[in-house]
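Everything on this sheet refers to the single structure shown next.
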Amino acid sequence: MPTSDFLHEATERGFVFQCTDTDALDAALKAGPLSAYIGFDCTADSLHVGSLVQIMALRLLQKHGHRPVVLMGGGTTRIGDPSGRDESRQMLSDAQIAANMAGIRRCFTPFLRFGDGPSDAMMANNADWLDALHYIDLLRDIGTHFTINRMLTFDSVRLRLDREQPLTFLEFNYMILQSYDFRELFRRFGVRLQMGGSDQWGNIVSGVDLVRRTEAKEVFGLTTPLITTSSGAKMGKTARGAIWLTADRLAPFDYWQFWRNTEDGDVGRFLRLFTDHDLAEIARLERLGGAEINEAKKVLATAATALAHGPAEAAAAAEAARLAFEAGEATNALPGIDVPRPDLDAGIPAFRLFVLSGLAASNGEARRLIRGGGARVNDAPVAKEDTLVAAADLRDGAIKLSAGRKHHRLVRPV
């Protein structure tokens, strides 16, 4: 077991999957503050729960006195990371990348402390150096340290080829540019550790090798495990879409509800990874059985929501859930939509209202929900897809829509 504070707790909490040299990294962490980075490409205007284990790894690093570096992929997003993908990403314009970067920045401020101190987080953008490169010079300087033979052995490349899916030459360069990022961060800011998901292992090892070859310095790579649920589902994805980290993409109530619905077998693991709770307390909570495990899930939901959205929003979401699910009451704390009063006076077909509210992604999905008996208005089953929901259905100024037992919205007239 490592003895440095960060690596010891990271191992206990389940963050460590692979490390280029555990003993040497452990010694470097004990020698003094160390800077470590994780890169995030700007493919959307927010991050989702699938990125949260990386953010929490940076948070844990900062807790133990080291400096987290968030690298925004303003440059590499123009190429697209082929790791873990069967097909090329959609090419984004520079304007889209800039807008996405501005949105993603918001995801980090609840979790990390930014500033100028030795352990304060900093944010960098790889466009600062990638956009200024003369490509032929880059290939001459960096490309000689990469062999096609070795690049073809990495999963990010090999899996795409094995599945006979195209891998463009543009994407093939991603590994070189990510390695170049590590060297630039080492040169500019003294960064000595790159962390990332297990699908990034090939890219990370290549960066470690590049710094060793060109700088004659020892740096390190560490990956976190792929996080899946006990049933094998990918973390951060649901039937209703991604679980986003920003409130404009996903209401805090729905974020709380996502964690509340954690499978029994995942409660302890998720408490270790996604909250700051003491490990001894987590061990007690995961031993709970029967109905008591639901109390542990509420602890998880409230703690995770407090980190992303603040304690007040977490408490409000927990209380709204209690009223909606335990007391059977509609509450203004539930997420809702505003509908023009004339539209409600005329009546809106139920299937359409479920789409407008976000409880269904399409008209077809809403119709299937109603036909399957999973749609309710004011807790009463919706009999027909075209049933009109109108002002007469208002109860205390709102109409409660429910999709199954766990997803609810309030419709309010304006």
Side-chain angles (χ1 to χ4, degrees), residues 1-2 4-19 22 36 38 40 47-64 68 84 107-108 110-112 195-201 222-240 242-245 250 252 254-309 314 317-318 321 406:
M1 174 67 74
S4 62
D5 291 340
F6 166 69
L7 203 52
H8 181 86
E9 185 170 355
T11 302
E12 284 196 315
R13 286 185 176 270
F15 283 98
V16 178
F17 182 64
Q18 296 160 297
C19 184
T22 303
I38 299 178
F40 299 86
L47 298 176
H48 57 70
V49 165
S51 298
L52 188 54
V53 68
Q54 309 304 332
I55 298 173
M56 293 299 293
L58 291 174
R59 180 180 174 85
L60 186 62
L61 184 89
Q62 186 172 55
K63 169 187 172 182
H64 291 296
C107 297
F108 296 98
F111 295 91
L112 301 174
M195 299 189 292
S198 57
D199 62 336
Q200 294 296 313
W201 179 247
L222 184 149
T223 63
T224 59
L226 174 67
I227 305 299
T228 58
T229 66
S230 292
S231 60
K234 188 174 181 180
M235 184 68 180
K237 298 284 187 179
T238 71
R240 299 181 186 279
I243 305 300
W244 299 100
L245 299 182
L250 186 75
D254 289 331
Y255 191 79
W256 189 96
Q257 200 57 34
F258 166 77
W259 294 105
R260 168 62 180 82
N261 293 333
T262 295
E263 296 175 26
D264 292 359
D266 293 326
V267 174
R269 184 163 58 110
F270 287 1
L271 278 165
R272 281 187 285 273
L273 288 169
F274 301 117
T275 79
D276 295 331
H277 270 49
D278 178 76
L279 289 169
E281 173 63 8
I282 293 172
R284 184 190 70 81
L285 288 169
E286 70 180 334
R287 286 195 297 268
L288 297 175
E292 287 185 317
I293 194 67
N294 290 324
E295 296 306 312
K297 293 180 183 181
K298 293 174 188 176
V299 171
L300 167 64
T302 301
T305 305
L307 284 175
H309 298 291
K406 299 177 180 177

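Predicted, not measured: the structure shown is a model, and the values here were computed from it. Start at 1 with the first residue, then count along the sequence.
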In terms of heavy-atom contacts, F111 and R59 come closest through O-NH1, 2.8 Å
Closest heavy-atom pair and its distance - S230, G265: OG-C, 3.6 Å
Contact between L285 and V267 at the side-chain level, heavy atoms closer than 4.5 Å - yes or no? no
Rounded distance (nearest 0.5 Å) linking atom CZ of R13 with atom CG of L273: 8.5 Å
On a heavy-atom basis, which atom in A306 and which in A314 lie closest, and how many Å separate them? N-CB, 3.5 Å
Can you check whether D199 reaches L226 side chain to side chain, under 4.5 Å on heavy atoms? no
Let's go through V299 and T275 carefully: what are the C-alpha distance in whole Å and the side-chain angles of both, what is the deciding distance for side chain to side chain contact (heavy atoms under 4.5 Å, CB included) to 0.1 Å, and is it a yes or a no? CA-CA 10 Å; V299 171; T275 79; over 6 Å; no
Roughly how far apart are L7 CG and L61 CG, rounded to 0.5 Å? 10.0 Å
Roughly how far apart are E263 CD and K297 NZ, rounded to 0.5 Å? 8.0 Å
Could you tell me whether the side chain of R260 reaches within less than 4.5 Å of the side chain of T302, counting heavy atoms only? no
So do the side chains of E281 and L271 get within less than 4.5 Å of each other, counting heavy atoms only? no
Is any side-chain heavy atom of L58 closer than 4.5 Å to one of Q54? no
Check A321 against Q257 and note the closest heavy-atom contact, atom names and distance. CB-OE1, 4.1 Å
Inter-residue atom distance F108.CZ - L245.CG, 0.5 Å rounding: 9.0 Å
With a 4.5 Å cut-off on side-chain heavy atoms, are M56 and L307 touching? yes
Check: K63 and F6 side chains under 4.5 Å, non-hydrogen atoms: no
So, taking the atom named CG in L222 and the one named CD1 in I38, what distance separates them when rounded to the nearest 0.5 Å? 9.0 Å
Note, T224 side chain near V16 side chain (heavy atom, < 4.5 Å): no
Heavy-atom pair with the smallest gap, counting every atom of A317 and P252: CB-O, 4.1 Å
Could you report the tightest heavy-atom contact between S51 and L47, atom names first, then the distance? OG-CD2, 4.0 Å
Going by the angle between their ring planes, with limits at 30° and 60°, are W259 and F274 parallel, tilted or perpendicular? tilted
CZ on R272 to CD on E12, rounded to 0.5 Å: 9.5 Å
H48 and L250: side chain to side chain contact (heavy atoms under 4.5 Å, CB included), yes or no, with the steps? CA-CA 10 Å; H48 57 70; L250 186 75; over 6 Å; no
